[in-house]
Amino acid sequence: MARKCTASINLSAIKKNYLYAKSLAPNSKAIAIIKADAYGHGAIEVAKELNEVADAYGVACIEEAIELINSGIDKTPILLLEGVFEKSELVLVEKHSLIVAVCNSIQLQWLLDADLNRPIDVFVKYDSGMGRLGFQDDSFIQAINLLEKSNNIGEITLMTHFSSADDLSSTLTTKQISNFDNTLYAKKYPVSLANSAAILKWSDSHRDYVRPGIMLYGSSPFPEIKYPKNLIPAMTLSSVLISIKNLKKGQGIGYGSRFICPYDMQIGVVAIGYADCYPRSAIDGTPVFINGVKSKIAGRVSMDMITIDLTGIPNPKIGDCVELFGENISVDEVAKYCNTISYEIFSKITKRVYRSYV
Ligand SMILES: *Cc1c(COP(=O)(O)O)cnc(C)c1O
């Protein structure tokens, strides 16, 4: 690895965060959400780390499930959070005993019509107010009625997803919970409602299965970035200084000369850019960490490089390590400067970034 742009991942932090999620919902099983390559942390490595403790895994599609199975993760149940996208997938679902979400009438019909030797366990999704996937009111009841009668169906669990659990002042979560509870079947079957934000703050929603995602990786689902102090950041993204130069007052830096030096300055170039995952939307002043102190971005993010202000940095040299986020700078803080969320930054980490596991 010549170019030292590295995502260093602390697997035991992910395990601790998982156990913390479980401690907040002690009567619930916890489905570790490891879709999108475990939010960029590496689904296989994360699943192996959690294998002793995880009640189940949640992924977005069958390809993500098969990747886990092929790497030997075949004891822990795997839930396809969006169900299948084609009827033909049900062959693999049956073969590998995957659990599928049933979110619409087509998926329902595929299951009812399938020619199976063994029943498939399902999570039937109710749209309690997200307005995205899931059956609405009467069609939810009808779907359950049909599934109950079918020999193709094993265990039935009911699921819904919150639109605004990260907004503690919103009334929508309480409304979604009561919409869910008002459906006839909420007491008859096991249920699953809570994402990370709800695990942390809406204990009324914990029920039978919780679904922690972002909190496993030590990032906050809340805009109040410092909130969950018990979460341990799992990823440190870093690279190195590859150039140092002295610029005069009034000189511009990088594309569009967005940053103009307000005085004579020393500027460092760091080997990371938007082709690695670092958002091009990062504004001047976005924090970075170098030689034990905070510094900040000066100038637009390029494809392979960023430029940072070295004013006041102790003894900067080419090759010095620069942390973009992780132990010293919260990814949530960086995400705010970039007008995005940690979920997007994590899941956009490209293959050019070297991953190391500790
Ligand atoms: C991604 C996802 C989650 C996890 O959400 P976080 O906010 O990352 O905790 C939970 N449930 C469903 C259905 C999801 O798609």
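Atoms within a ligand are numbered from 1 in the order they appear, just like the ligands themselves. Predicted model only: the values in this text are computed from it and were never measured. Starting from 1, each residue takes its place in the sequence as its number.
- Few gaps surround CD1 on Ile260; more than 12 heavy atoms of other groups in view lie less than 6.0 Å from it.
- For the side-chain hydrogen bond (donor to acceptor under 3.5 Å, both in side chains) condition, the pairs that include at least one residue of residues 93-107, sequence neighbours left out, are Ser97-Arg118.
- Although no hydrogens or angles enter the test, the distance criterion places a donor-acceptor pair under 3.5 Å between the side chain of Asp320 and the main chain of Lys317.
- Residues forming a side-chain hydrogen bond (donor to acceptor under 3.5 Å, both in side chains) with Ser23 (at least two apart in sequence, or on another chain): none.
- Nearest protein heavy-atom contact of atom 7 (O) of ligand 1 is Tyr343 OH, 2.7 Å.
- Of the protein's non-hydrogen atoms, the one nearest atom 9 (O) of ligand 1 is Ser196 OG, 2.5 Å.
- Heavy atoms of Pro221 found under 4.0 angstrom from ligand 1: none, in either backbone or side chain.
- Where the criterion is an N or O separation shorter than 3.5 Å, residue side chain and backbone included, Lys125 fails it with respect to ligand 1.
- Within a 6.0 Å sphere centred on OH of Tyr357, other residues, nucleotides and ligands contribute more than 12 heavy atoms.
- Here is the list of ligand 1 atoms found below 4.0 Å of a heavy atom in Ile214: 6 (P), 8 (O), 9 (O).
- Residue-level proximity to ligand 1 for Met159 is absent, since no heavy atom of it falls below 4.0 angstrom.
- If you check which protein heavy atom lies closest to atom 8 (O) of ligand 1, you get Tyr39 OH, 2.6 Å.
- Remark: of the listed residues Thr183, Ile144, Val124, Val124 is the sole one forming a side-chain contact (heavy atoms from CB on, under 4.5 Å) with Phe135.
- The atoms of ligand 1 that sit less than 4.0 Å from any heavy atom of Arg211 are 4 (C), 9 (O), 10 (C), 11 (N), 12 (C), 13 (C).
- The cluster map of Ile, Leu, Val, Met, Phe, Trp and Tyr, joined by side-chain heavy atoms under 4.5 Å apart, puts Phe289 and Ile267 in different clusters.
- Counting only heavy atoms of the protein, atom 12 (C) of ligand 1 lies nearest to His161 CE1, 3.5 Å.
- Distances between N or O atoms of Lys35 and those of ligand 1 include at least one value under 3.5 Å.
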